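Keep in mind that what you see is a predicted model, and the values were worked out from it rather than measured.
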There are 4 protein chains.
Amino acid sequence: MTAEPKPGSRSARVRAAVLKAAGELLMAGGLTAATVDAINARSGVSKATIYKHWPNRTCVAIDAFAEHMARTVPLPDTGSARGDLTEQLRLVCAFHASPAGAVFAQLLAGATADPQAGRLLRERFLAGRREAIRVLWRRALARGEVRAEVDVEVAIDLLFGPVIYRLVSGVAPIGPEQAGAIAEAALAGLGR
Amino acid sequence: MTAEPKPGSRSARVRAAVLKAAGELLMAGGLTAATVDAINARSGVSKATIYKHWPNRTCVAIDAFAEHMARTVPLPDTGSARGDLTEQLRLVCAFHASPAGAVFAQLLAGATADPQAGRLLRERFLAGRREAIRVLWRRALARGEVRAEVDVEVAIDLLFGPVIYRLVSGVAPIGPEQAGAIAEAALAGLGR
Amino acid sequence: MTAEPKPGSRSARVRAAVLKAAGELLMAGGLTAATVDAINARSGVSKATIYKHWPNRTCVAIDAFAEHMARTVPLPDTGSARGDLTEQLRLVCAFHASPAGAVFAQLLAGATADPQAGRLLRERFLAGRREAIRVLWRRALARGEVRAEVDVEVAIDLLFGPVIYRLVSGVAPIGPEQAGAIAEAALAGLGR
Amino acid sequence: MTAEPKPGSRSARVRAAVLKAAGELLMAGGLTAATVDAINARSGVSKATIYKHWPNRTCVAIDAFAEHMARTVPLPDTGSARGDLTEQLRLVCAFHASPAGAVFAQLLAGATADPQAGRLLRERFLAGRREAIRVLWRRALARGEVRAEVDVEVAIDLLFGPVIYRLVSGVAPIGPEQAGAIAEAALAGLGR
DNA sequence: TACTAAACGAGACGGTACGTCGCGTCTTATT
DNA sequence: AATAAGACGCGACGTACCGTCTCGTTTAGTA
């Protein structure tokens, strides 16, 4: 959750054990399976200790998932900036379509009711994704491939929004081919 | 949930009482407060009966919310098709920014884990919204204001996605002014 | 705890199951073993239900022990009233010296911190014992075998006090032979 | 608990700090409040150190209470041996009726489950009391005021028993006036 | 109008997880 | 070496809400 303790320390080992167990449970049975009792049983770390490190179950799960996913979606570099954006979107869609996508949706859901979890989730996931796009966007701007009048944040919303929307709305997540269509439409615009 | 019983019948009264109580609880304290026990206490309808009408709590909540929201977001007609789309987006954003928006996010969340609830939610909310946009889109197409190459469904994703994304991600929901920016960007496209 | 529900009812069966399990655990491992979780596991009655019937673990244990002990120490009738008193004392001592005695001491201990448990304990055990002695005392008074100037309650304290004292103080409980000495001393008096 | 270390030494200071803190907590909130963590917090002595000096919390409490009570009930000398016994009983009763009495009952309770605590308690409290009575009893014997046939230990049980009984049974502790009645009855005997 | 079958109210129940507390042990760094 | 500081495992606590169930009572439709 908060600042990491010095590596190798007791706390660090505990933390790692919890995240490992939670991550495994998460991937095996989703958020439902990642019970604090289950994490305790699997990791050997007591419930009290878990609650000393994280405020609640959802936060443990988010951290565990983040750890598990660390650097899953790298920044592409296709030469063309528009190609980069498209590729990035494709990668994110692929992630969402994978089993991990379902877990992510549950985390998103779990965070809805809990401000702490919400903050942690944004910090661990969304912030990084948005930042990644910001980088690509700047690159594209420099090459003159995108419209300067468009706010970066709006652009990010426009690109990620559809992906998340499809994920949480329970309609099938966007597949790789649709990802291309989304990117194309976003770049070319709906109007004429 | 299922087909309505004949109005005025015992079942219908029960159904109405439950939805009323659930709706009030929902608006007052969010999904968390809309406990089955609380609904029972407030409506006088016994838990067993509630479970005879709905498969689980989430479904009750969705139905109640739908009832409560019935026809909140009407179809606009501004003369210009692009104006219609923009206006529709603005309306949806306003809805999300209202207190009800938070509840909606929780319902979306609750539906993540439960297929039945997901289906019901799509049926009660998302389907209507998408259909509304389809109508506007056809209108816009007829007037030649939008690109025919773009798939309607993609267009819908592009328009709604950002809105939902901002809602569930816990970043502040999109305000009315940003709604315009989103619509503009979606229509004009990001690229040049 | 409180008024019994109609026999054969669901509540009555639950109550009986809990008391049976608790009693067995109590006799097998003392108050320490009579955990609510253990009672739940052994009886099949859920914790929530147990807590609906009793305010806390100690009260369950007291009730269980009372049930288990129902009518262990009967009223004697030796012909002589003084003999009756002596005999009653001997019986009570024997009870305390038995394994059950240790459990009783633990219940007494557990009741120290909890007013509800204290009340229940007095109601279930001490009241009955004191009443029994009151009966014997009246009988003895009628036969002129005891001093009328002595208050019954004082007499009861004088007879039972030593027994309980030895039990809780952890000195070996009074054996049957010492019981006689106590009774003799109480009746004849210490002074001359 | 064990042999005192040389006064003024580090151990002695630690010991004193613990007993002081524990005693204060004990008087303020009873045995319940005298948590090891609380003692640690209040005394500044670490838990590990506390456990190096005492085998468990109950023993700390007993020692603390003993320290706190040191010499509360002195040996009376009224001239008459029977008067001495009566007076002694009255003093003990007064002690039990004071707030400290409740704490003492809890200690008695706590000692029930733990042999070490039981031993310590007897050593710190009961032994002294019994010895005091033995002295008085010998004095009374020498003056011919009590019956020589009665065993001293039985006499002690007869005098103290009622007091402790009333204390632990949760019935109101014996007040000073009743103390007299008890003493009178014990000396004169119940029978005629 | 009486009768029966279904629906209902009331609420107890089993189950699962929650988050908390206190004990007594253990580690690490300090003094 | 003895401490302070405090993390940790353990095991129990009492609570919450879920969804199921049992048991009478009410209510509609039918006979």
Can you check whether [X] has a side-chain N or O nearer than 4.0 Å to OP1 or OP2 of [N]?
X     : N      : result
C/R10 : E/dC13 : no
A/H53 : F/dA7  : no
C/R13 : E/dG14 : no
C/S11 : E/dC13 : yes
B/S43 : E/dG9  : no
C/T49 : E/dG14 : yes
C/R57 : F/dC13 : yes

Report the distance from atom [atom1] of [X] to atom [atom2] of [N], rounded to the nearest whole Å.
X     : N      : atom1 : atom2 : result
B/D37 : E/dC13 : CG    : P     : 15 Å
D/I50 : F/dA2  : CD1   : P     : 17 Å
A/K52 : F/dA5  : NZ    : P     : 16 Å
C/W54 : F/dC13 : CH2   : P     : 15 Å
B/R15 : E/dG9  : CZ    : C1'   : 20 Å
A/I39 : E/dA17 : CD1   : P     : 12 Å
A/N56 : F/dA16 : CG    : P     : 18 Å
A/N40 : F/dC10 : CG    : P     : 8 Å

With distance as the sole criterion, do the side chain of D/K47 and the base of E/dG24 form a donor-acceptor contact below 3.5 Å?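 Side chain to base: pair found, below 3.5 Å.
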
Which one, E/dG22, E/dC18, F/dT3, comes nearest to the side chain of D/V14? F/dT3

Which heavy atom in B/A66 sits nearest to a heavy atom in B/R124, and how many Å separate them?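 What the structure gives for the nearest pair is CB-CD, 3.6 Å.
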
Minimum heavy-atom separation for C/A117 and C/T58, please, with both atom names.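 Scanning both residues, the minimum pair turns out to be CB-CG2, 3.7 Å.
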
Assign each of B/T58 and A/G44 to its nearest nucleotide of DNA chain F by heavy atoms, then name whichever residue's nucleotide is nearer the 5' end. A/G44

Could you check A/S46 against B/Y51 and say which one's nearest nucleotide on DNA chain F is further toward the 5' end?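 Upstream on the strand: A/S46.
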
Of A/V36 and B/A48, whose closest DNA chain E nucleotide lies nearer the 5' terminus? B/A48

Just say parallel, tilted or perpendicular for the rings of C/F65 and C/F104, cut-offs at 30° and 60°. parallel

Could you check if a side-chain atom of C/I39 sits within less than 4.5 angstrom of a side-chain atom of C/V45, using non-hydrogen atoms only?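 With C-beta onward as the side chain, the pair stays apart.
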
Once rounded to the nearest 0.5 Å, what's the spacing between atom CG of D/L19 and atom CH2 of D/W54?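 With rounding to 0.5 Å, CG (D/L19) is 4.5 Å from CH2 (D/W54).
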
